[in-house]
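Contents: one structure, followed by commentary.
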There are 2 protein chains.
Amino acid sequence: MNIVRYNETEAIRVSDTVQRRFLYTPNLMTVIVDFSEGPATEPDPFHSHPHEQTSYVAEGEVLFLMEGETPQHLATGDMVAIPAGKPHAIQLLTPTARLVDSFTPIREDFL
Amino acid sequence: MNIVRYNETEAIRVSDTVQRRFLYTPNLMTVIVDFSEGPATEPDPFHSHPHEQTSYVAEGEVLFLMEGETPQHLATGDMVAIPAGKPHAIQLLTPTARLVDSFTPIREDFL
């Protein structure tokens, strides 16, 4: 079975403050993203990608920014959908946060 | 912005023990599923669908069953990927559990 057990799966270190664990099927990828060293004084840079995305806040709080829209404060249990190609960014509001990001198609750039 | 705030979004009651909150983009749907009245003495019936799925365990513990495979005990922070068409089932091991299920294509049957 295609499983990620959080405590048994070594994370991929994306930066000093961001780690990923993920799995995927041919057209769907879900990524556990752990952020640390918050709260941040300003948002991360905006970025975009052609993939449709949802983000579920599994732990912590973030400010979620989307181009042309009012930033939204999201806490544990909340989620947001991001259209393909839409510039977006987050600002960490707590010392750590965990997002569960899903994408279609899969993020080949994460493999 | 296309957001679900857990505490402000009325759940869809699927049964006496299952509630859903969801959002979606054209090809991606993410569903917060709250299960209650566990632990269960046996698994729910197997079911399948043509959609690819991932399930993240946001709270609680479940036994995850997939046809032809050894059942797997999943706890908070773990996740599993389910191929299109693969029969699967869960058994609730705790009084409540919350899964975050993502699907592509979207579950038109949930709308």
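Proteins come first, then strands; the chains are lettered A, B, ... in the order of their sequence lines, and each starts at number 1.
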Does any backbone or side-chain atom of Val4(B) lie under 4.5 Å from a heavy atom of chain A? Answer side chain, backbone, both or neither. both
What residue, out of Ile82(B), Thr30(B), Thr70(B), has the most heavy-atom pairs lying under 4.5 Å from chain A? Thr30(B)
Please determine whether residues Ile32(A) and Val18(A) belong to a single hydrophobic cluster, defined as Ile, Leu, Val, Met, Phe, Trp and Tyr linked transitively by side-chain heavy-atom distances below 4.5 Å. no
Taking Val14(A) as the starting point, is it possible to reach Val31(A) by hopping between hydrophobic residues whose side chains are less than 4.5 Å apart? yes
For chain B, find its close neighbours in residues 73-81 of chain A: heavy-atom separation under 4.5 Å, sorted by number, or none. His73(A), Leu74(A), Gly77(A), Asp78(A), Met79(A), Val80(A), Ala81(A)
Proximal to chain A - members of residues 101-111 of chain B, heavy-atom separation under 4.5 Å: Ser102(B), Phe103(B), Thr104(B)
Considering only heavy atoms, which portion of Thr9(B) lies under 4.5 Å from any heavy atom of chain A: side chain, backbone, both, or neither? neither
Between Glu69(B) and Met1(A), the two heavy atoms sitting closest are OE1-N, 2.7 Å
Residue-level contacts of residues 51-64 of chain A with chain B, using a heavy-atom cutoff under 4.5 Å: Glu52(A), Gln53(A), Thr54(A), Tyr56(A), Ala58(A), Phe64(A)
Residues of residues 19-28 of chain B with a heavy atom under 4.5 Å from any heavy atom of chain A, in residue-number order, are Arg21(B), Phe22(B), Leu23(B), Tyr24(B), Thr25(B), Pro26(B), Asn27(B), Leu28(B)
Cluster question for you: counting only ILVMFWY and a side-chain heavy-atom cut-off of under 4.5 Å, with indirect links fine, are Val33(A) and Leu93(A) together? no
